[in-house]
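What's counted below: heavy atoms across the whole structure, side chains too, no hydrogens, waters or symmetry copies. The model shown is predicted, which means the values in this text are computed figures rather than measured ones.
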Amino acid sequence: MKFLIKLGGTLLDSAASRARLATEIVELANTGAQIAVVHGGGKQMTRFLAERNVESRFVNGLRVTTPEVLDAVLKVLGGAVNHELVAAFVAAGGHAVGLSGLDAATAVAERVSDELGAVGRPVQSNGALMHLLSANGYLPVIACIGGDAQGNIYNVNADQMAIMCASGFGADRLFFLTDVDGVRVADGTIAPLLTPAAIEDLISTGVATGGMQAKLESAVRALDMGVGEIVIAPGQHAGIVSRLATGETLGTKIAK
């Protein structure tokens, strides 16, 4: 069984949360599962930029990425956040390898627009490195940075990165571990199961907006790209990884 686990940046902001999630993921890997991890770090990025008096601007939920912001992306996402997470996996007994989408063309991206600057949309994933590492007992830990054949570097939305890497990896299941309990529908309750048609309705009626809309759109795309099942689940709950892996109903499952 192959899993792609996307960890939201909020969950990685404390050492205790990183350590717990790393332990849970290593325990799943020790059962024989092949796992790749994609992580975000938007909260850490915003804090880093604010400390340097750089304003964070967003267009449709994507961070406008000037040369100064891209430099911060490399330092924060590809540097501090990635290395702290790798260190947590090592402490948990895992053989983690820190990567970005630049490595071995794991995530090939194209520029979204001039307005957004160096923001990339992932268009292809070469899963060879993820396969090689996971098949030999290593755990790829991938920062959401992509590139193209011309050597350009792009800041990539972590949810989009996760679905592209899940496709390239051939993941059977994709877990979005986040800081919410799941997807809320019109009456405010958490939907245990959503289909693409139900997601389209949530977006068209304005129930799902902003970051959740982007996450749901990414999930539908993942289904179209062959990922069998996606779950958006509360990463702050202890034991969440094993509970999801064994099929317990938590958060919101998205399937055809």
Q. Has the side chain of Asp201 got a donor or acceptor atom that lies under 3.5 Å from a matching backbone atom of Ser204?
A. no

Q: May I ask you to decide if Ser100's main-chain N or O and Asp103's side chain share a donor-acceptor pair within less than 3.5 Å?
A: yes

**Q.** Intermediate values then yes/no, salt bridge (charged side-chain N to carboxylate O under 4.0 Å, His left out), Arg20 and Glu24
**A.** CA-CA 6 Å; Arg20 176 182 58 79; Glu24 293 183 17; 3.2 Å; yes

(Q) Please check if the number of heavy atoms outside Glu115 that lie under 6.0 Å from its CD is greater than 12. (A) no

Q) Can you name the closest pair of heavy atoms from Arg173 and Gly247 and give their distance? A) NH2-CA, 4.3 Å

Q: Give a yes or no answer on whether the side chain of Ser167 reaches the backbone of Ile163 with a donor-acceptor pair at less than 3.5 Å.
A: no

Q. What are the two closest heavy atoms between Gly101 and Ile142, and how far apart are they?
A. N-CG2, 3.9 Å

Q) Going only through I, L, V, M, F, W and Y residues with side-chain contacts under 4.5 Å, is there a path from Met130 to Val123? A) no

(Q) Please find the pair of heavy atoms, one from Pro192 and one from Thr249, that lie closest to each other, and give the distance. (A) CB-CG2, 4.2 Å

Q) Side-chain contact, heavy-atom cut-off 4.5 Å: Val119 with Arg63? A) no

(Q) Has Thr178 got a side-chain atom pairing as donor or acceptor with Pro234's backbone, closer than 3.5 angstrom? (A) no

(Q) Quick check with a 6.0 Å cut-off and a 45 degree axis cone: is Lys2 positioned over the face of Phe169's six-membered ring? (A) yes

Q: List the atom of Ala158, the atom of Val38, and the distance in Å for their closest heavy-atom pair.
A: O-CG1, 4.0 Å

Q.
More than 12 heavy atoms of other residues, nucleotides or ligands under 6.0 Å from CZ of Phe48: yes or no?
A. yes

Q.
Does the plane of the ring in Tyr138 sit parallel, tilted or perpendicular to the ring in His95? Use 30° and 60° as the thresholds.
A. perpendicular

Q. So Glu217 and Gln160, side-chain contact (heavy atoms from CB on, under 4.5 Å) or not? Walk me through it.
A. CA-CA 9 Å; Glu217 290 171 342; Gln160 294 177 3; over 6 Å; no

Q: Could you please spell out the steps behind the side-chain contact (heavy atoms from CB on, under 4.5 Å) verdict for Asp181 and His237?
A: CA-CA 9 Å; Asp181 291 333; His237 288 198; 3.9 Å; yes

